Amino acid sequence: MCGRHQPRDVWFLAGTFGGQAKRDCRVPHGRPIVVPVINSYGDRQSCAAFMRDAQGTVVLDGEPVEPEAHEGDDIVVEGAPGNAVTGEEGIFTATGCGLWVQVPPLEPGAHSLVIRGRSGDFSIGVDYALTVAAS
């Protein structure tokens with residue numbers, strides 16, 4: 001599932017809609033990896049409230065990676081019927097916010113990525129076992 005709908009320039013990994021998850025994922029060699037630590041969307045006020053309490057950690061192969069804060073970016077959401085985010089289809093604009101990490105392309109082989117995030121009473125945790133394919 002990690003390979004569905006990936007762009008050519010980066011490799012996106014997913015957080016959760018709350019709670020913990022363990023995932024195995026194959027990543028192509030040569031692509032930077034982008035992953036949310038904790039994120040949300042809404043209007044500018046709800047994002048400001050979310051970001052006041054936002055905190056998170058990312059550990060790649062035992063080494064901490066500093067998340068980058070995105071306080072309020074304009075985003076366009078295209079929802080399919082029954083999707084997990086909006087529950088309905090259609091295109092709408094919102095304000096996106098959260099903590100994100102981008103890491104440079106990893107060397108071929110096995111890697112671990114541990115993500116923990118929290119804002120208010122919403123928390124996520126994802127443990128990734130990544131395998132980077134040789135070119």
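Atom set for the values below is all heavy atoms of this structure, side chains included, hydrogens, waters and symmetry mates excluded. Since we're looking at a predicted model, the values are computed, not measured.
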Exercise. Quick one: does Glu68's side chain get under 4.5 Å of His70's, heavy atoms only?
Worked result: yes
Problem set entry | Closest contact, heavy atoms only, Ser40 versus Cys47 | O-SG, 4.4 Å
Problem set entry | Side-chain heavy-atom pair Pro32, Gln102 within 4.5 angstrom cut-off | yes
Problem set entry | Considering all heavy atoms, the nearest Val35-Leu113 contact | CG1-CD2, 4.4 Å
For this session: Examine Leu130 and Val114 and state if one hydrophobic cluster contains both, with Ile, Leu, Val, Met, Phe, Trp and Tyr joined whenever side-chain heavy atoms are less than 4.5 Å apart.
Result: no
Exercise. Among Val37, Asn39, Ile38, which one satisfies side-chain contact (heavy atoms from CB on, under 4.5 Å) with Trp100?
Worked result: Asn39
Seminar exercise, completed: Paired with Val101, the side-chain contact (heavy atoms from CB on, under 4.5 Å) test is passed by just one of Leu13, Val34, Val65, Ile33, namely Val65
Problem set entry | Minimum heavy-atom distance between Tyr128 and Arg23, given as atom pair plus value | OH-NH1, 3.1 Å
Exercise. Is the shortest heavy-atom distance from the side chain of Met51 to the side chain of Cys97 under 4.5 Å?
Worked result: yes
Problem set entry | Closest heavy-atom pair and its distance - Phe122, Phe17 | CE1-O, 3.5 Å
Exercise. With the 4.5 Å side-chain cut-off for hydrophobic clustering, are Leu60 and Trp11 part of the same group?
Worked result: yes
Exercise. Do the ring planes of Tyr41 and Phe92 sit parallel (below 30°), tilted (30 to 60°) or perpendicular (above 60°)?
Worked result: tilted
For this session: Starting from the C-alpha separation in whole Å, work towards a yes-or-no answer on side-chain contact (heavy atoms from CB on, under 4.5 Å) for Leu106 and Val27.
Result: CA-CA 9 Å; Leu106 301 174; Val27 177; over 6 Å; no
For this session: Apply side-chain contact (heavy atoms from CB on, under 4.5 Å) to Ile115 and Ile124, showing your working.
Result: CA-CA 8 Å; Ile115 302 159; Ile124 71 108; 3.9 Å; yes
Exercise. Roughly how far, to the nearest 0.5 Å, is the CG atom of Asp121 from the CG atom of Asp53?
Worked result: 9.5 Å
Exercise. At what distance, to the nearest 0.5 angstrom, does CZ of Arg44 lie from OG1 of Thr95?
Worked result: 4.0 Å
Problem set entry | Check: Arg31 side chain, Pro7 main-chain N or O, donor-acceptor pair, under 3.5 Å | yes
For this session: Grab the two heavy atoms, one from Gly125 and one from Thr16, that are nearest each other, plus how far apart they are.
Result: O-CG2, 4.1 Å
Exercise. Does some side-chain heavy atom of Arg116 sit less than 4.5 Å from a side-chain heavy atom of Asp127?
Worked result: yes
Exercise. Is a donor on one side and an acceptor on the other found under 3.5 Å between the side chain of Ser123 and the backbone of Gly117?
Worked result: no
Exercise. Minimum heavy-atom separation for Gly3 to Gln6, with atom names?
Worked result: O-CG, 3.7 Å
